[in-house]
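In listed order, ligands and their atoms are each counted from 1. Keep in mind the model is a prediction, meaning the values are calculated, not measured.
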Amino acid sequence: GIKIVTIGGGSSYTPELVEGFIKRYHELPVRELWLVDIEAGKEKLEIVGNLAKRMIEKAGLPTKVHLTLDRRAALKDADFVTTQFRVGLLDARAKDERIPLSHGVLGQETNGPGGLFKGLRTIPIILDIVKDIKELCPDAWLINFTNPAGMVTEAVLRYTGHKKIVGLCNVPIGIEMGVAKLLDVDHSRIRIDFAGLNHMVYGLDVYVDGVSVKDKVIDLLSNPENSSFVKNIEGQGWEPEFIRALNVLTCPYHLYYYKKDEMLQKELKNFKEGTTRAEVVQKLEEELFELYKDPNLAIKPPQLEQRGGAYYSDAAVRLISSIYNDKRDIQPVNTINNGAIASIPYDSAVEVSCVITKEGPKPIINGDLPVAVRGLVQQIKSFERVGAEAAVTGNYDTALLAMTINPLVPSDKVGKAILDEMLEAHKEHLPNF
Ligand code: NAD
Ligand code: G6P
Ligand code: MN
């Protein structure tokens, strides 16, 4: 039997994960599932944990669900640790989005200043978790879903000796599913060669049954309805000539870089109307927890699909199962580059298609990224590295450096103003500063 520990167990995504474990019980017999949270999330943990128990009971499985605020007790002898926490909960996310926007800068929780601050809050905690893992379950795999997943994976690789970490995002699987739908074929027939970074990943080629359909898919990306594959980002069509010349599949987060102005104007409008994504999600979360409380509910309610993390359970559980069962299939994950992308350092985290084995993901070598995207990817990698360093050291100058080299921040002066305001707003969650 397998012991899984999920940190941030009170997340509204937990039923998604539980559904994944139920579906794959035959190949991944989970004996214990420990959901861990903190005092601030205690009520959410109770509600979602009880739903998890009902789901498992309804499925007739012997998996034992434990709810706890004691992380160390949970971690003892774990086989897999998954992380899906948010330091400061959604109130902190609202600040990540709103403070940059009040300075006329894009406010997004994993890109630009918001992404930096989510990293500054998260990295010290993840390093603590890794310390506990090394002591209590040194052979466990850490599957990190907590954003900014790229910067977090980079920090763990660079600042801990723990090599058994995989960063996970639902964007690549969302693109696979979306492309399958556009082409009206079953998703199992789609293969995409993914390469880049988290929320900065490209599809270098895409195949159906071994035949490239890249040109066809690229044409489809000019349609606004097709350019985002996640619920949290509204699509906007690419200029057909641009996307043809780029000649690779984009991910939804590229809209923030190649349509900076349009995306900023849209966010500013939402900001003025009090409907940034944090506010939309706060409302959605309230509705979801009302549903979760119903003692007759024993399935994942379809309303959860309005969150951006669709297919999270498929991505997480297929990854855990392929490690556990040594399946050697191909999945896109965040792992150490080791030369998979020539223009990114060997020891940095990248998001690439990997062969998933018992020893972990083996990245598939892509040669290099096309020259037109290489520079942006390197710039974002530099941002992630400097951001991770700032989180670890608590150094103000390093944080300002990370802020200013981010392509979404217009100047050092604006960057400093945002930095100062955000440091103050988030100070209870930034003990290093
Ligand atoms: P949320 O605000 O509901 O937080 C989840 C839980 O984390 C809460 O119950 C909270 O109390 C708990 N928590 C906070 N600090 C903690 C700590 N130190 N230890 C343990 N638990 C703690 O967040 P959410 O909207 O459910 O998202 C959870 C996380 O998953 C976020 O970081 C989000 O960015 C991430 N996410 C990632 C992807 C991806 O593609 N990688 C997709 C969706 C969500
Ligand atoms: C996408 C991304 C996640 C992100 C989520 C936000 O799925 O891959 O990394 O956390 O969207 O969704 P939300 O519903 O919280 O806005
Ligand atoms: Mn993601």
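Counting the atoms of ligand 2 from 1 in the order shown, those under 4.0 Å from a heavy atom of Cys169 are 8 (O). Under a 4.0 Å criterion applied to the non-hydrogen atoms of Tyr253, ligand 2 contributes the atoms 1 (C), 2 (C), 3 (C), 4 (C), 11 (O). Numbered from 1 in the order shown, with element, the atoms of ligand 1 that lie under 4.0 Å from a heavy atom of Thr146 read 32 (O). Atoms of ligand 2 lying under 4.0 Å from at least one heavy atom of Gly309, given by number and element, are 7 (O). Interface atoms of ligand 2 facing Asn170, defined by a heavy-atom separation under 4.0 Å, are 1 (C), 2 (C), 3 (C), 7 (O), 8 (O). Those atoms of ligand 2 that come under 4.0 Å of a heavy atom in Arg277, given as number and element, are 13 (P), 14 (O), 16 (O). Applying the 4.0 Å criterion to heavy atoms of Asn147 picks out, from ligand 2, the atoms 3 (C), 4 (C), 9 (O), 10 (O). The ligand atoms of ligand 1 that sit less than 4.0 angstrom from a heavy atom of Leu168 are 39 (C), 41 (N). Distances below 4.0 Å separate heavy atoms of Val171 from the following atoms of ligand 2: 8 (O). Residue Lys118 has at least one heavy-atom neighbour below 4.0 Å for each of these atoms of ligand 1: 31 (C), 32 (O), 34 (O). The distance from ligand 1 to the heavy atoms of Cys169 drops below 4.0 Å at these ligand atoms: 39 (C), 40 (O), 41 (N). Those atoms of ligand 1 with a heavy atom of Gly41 less than 4.0 angstrom away are 11 (O).
No part of Leu45 comes within 4.0 Å of ligand 1, judged by heavy-atom distances. With a 4.0 Å cut-off on non-hydrogen atoms, Gln306 does not touch ligand 2 at all. Under 4.0 Å from ligand 1, heavy atoms of Leu89 appear from its side chain as well as its backbone. Residue-level proximity to ligand 1 for Glu285 is carried by the side chain, the only part with a heavy atom below 4.0 angstrom. Only the side chain of Tyr13 comes within contact range of ligand 1, with a heavy atom under 4.0 Å; no backbone atom does.
Here atom 15 (O) of ligand 2 lies nearest to Arg93 when heavy atoms of Gln84, Arg93, Glu109 are compared.
Atom 1 (P) of ligand 1 has as its closest protein heavy atom Lys44 NZ, 3.6 Å. Looking at atom 7 (O) of ligand 2, its nearest protein heavy atom turns out to be Gly308 O, 2.4 Å. For atom 24 (P) of ligand 1, the nearest protein heavy atom (residue, atom name, distance) is Arg86 NH2, 3.6 Å. At the shortest separation from atom 40 (O) of ligand 1 among protein heavy atoms lies Asn170 OD1, 2.9 Å. At the shortest separation from atom 15 (N) of ligand 1 among protein heavy atoms lies Ile38 CD1, 3.5 Å. Ranking protein heavy atoms by distance to atom 18 (N) of ligand 1, first place goes to Ile125 CG2, 3.7 Å. Scanning all protein heavy atoms for the shortest distance to atom 6 (C) of ligand 1 gives Asp37 OD2, 3.7 Å. When only non-hydrogen protein atoms are considered, atom 30 (O) of ligand 1 lies nearest to Phe145 CD2, 3.8 Å. Closest to atom 11 (O) of ligand 2, if we only count protein heavy atoms, is Asn232 OD1, 3.0 Å. Of the protein's non-hydrogen atoms, the one nearest atom 20 (C) of ligand 1 is Ile7 CG2, 3.6 Å.
Under a cutoff of 6.0 Å and an axis angle of 45°, Lys358 and Tyr324 form a cation-pi pair.
For Lys231, the closest heavy-atom approach to ligand 2 does not fall below 4.0 Å. Within the structure, ligand 1 lacks Arg71 among the residues with a heavy atom less than 4.0 angstrom away. Under a 4.0 Å heavy-atom criterion, Tyr312 is not in contact with ligand 1. Heavy-atom distances between Tyr13 and ligand 2 reach below 4.0 Å in at least one pair.
A salt bridge is absent between Lys44 and Asp37: the closest approach of a Lys/Arg side-chain nitrogen to an acidic carboxylate oxygen does not fall below 4.0 angstrom. Classification of Lys427 and Glu424 as a salt-bridged pair holds, one side-chain N sitting under 4.0 Å from a carboxylate O. Comment: Glu135 engages Arg72 in a salt bridge, judged by a side-chain N to carboxylate O separation of less than 4.0 angstrom.
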Original post:
After noting the C-alpha distance and the side-chain angles of His254 and Tyr202, does the key distance pass the ring pair (Phe, Tyr, Trp, His ring centres under 6.0 Å) rule?
Top reply: CA-CA 9 Å; His254 287 123; Tyr202 295 88; 4.1 Å; yes

Original post:
So Gln236 and Met263, side chain to side chain contact (heavy atoms under 4.5 Å, CB included) or not? Walk me through it.
Top reply: CA-CA 9 Å; Gln236 292 198 44; Met263 293 302 272; 3.2 Å; yes

Subject >> Check against side chain to side chain donor-acceptor pair (under 3.5 Å), Ser348 and Arg158 >> reply: CA-CA 8 Å; Ser348 270; Arg158 207 162 277 285; 3.2 Å; yes

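Rounding to the nearest 0.5 angstrom, the gap separating the CD atom in Gln378 from the CD1 atom in Ile380 is 11.5 Å. Atom CZ of residue Phe383 and atom CD1 of residue Ile405 lie 7.5 Å apart, to the nearest 0.5 angstrom. For the atom pair Leu408 CG and Tyr256 OH, the distance stands at 10.0 Å (nearest 0.5 Å). Interatomic distance, Leu304 CG to Tyr292 OH, rounded to the nearest 0.5 Å: 4.0 Å.
The closest side-chain donor-acceptor pair between Thr14 and Gln84 falls under 3.5 angstrom. Ser382 and Gln379 are not linked by any side-chain donor-acceptor pair at a separation below 3.5 angstrom, with hydrogens and angles left out of the test. Using a 3.5 Å distance cut-off with no hydrogens or angles, the side chains of Asn232 and Tyr253 do pair a donor with an acceptor.
Put simply, the side chain of Gln306 never gets that close to the backbone of Leu284: no donor and acceptor are under 3.5 Å apart. In this structure a side-chain-to-backbone donor-acceptor pair under 3.5 Å is missing from Asn170 to Tyr311. Using a distance-only test at 3.5 Å, with no hydrogens or angles considered, no donor-acceptor pair links the side chain of Glu154 to the main chain of Arg385. Without hydrogens or angle criteria, Gln265 side chain to Glu262 main chain gives no donor-acceptor distance under 3.5 Å. Side chain of His103 to backbone of Pro100: no donor-acceptor contact under 3.5 angstrom is found.
Below 3.5 Å of separation, one finds no N or O of His199 facing any N or O of ligand 1. Residue Arg86 has no N or O atom closer than 3.5 Å to an N or O atom of ligand 2.
For the pair SG of Cys169 and NE2 of His199, the angle at the Mn ion (ligand 3) is about 100°; rounding is to 10 degrees.
Shortest non-hydrogen contact noted between Gly104 and Leu268 is CA-CD2, 4.5 Å.
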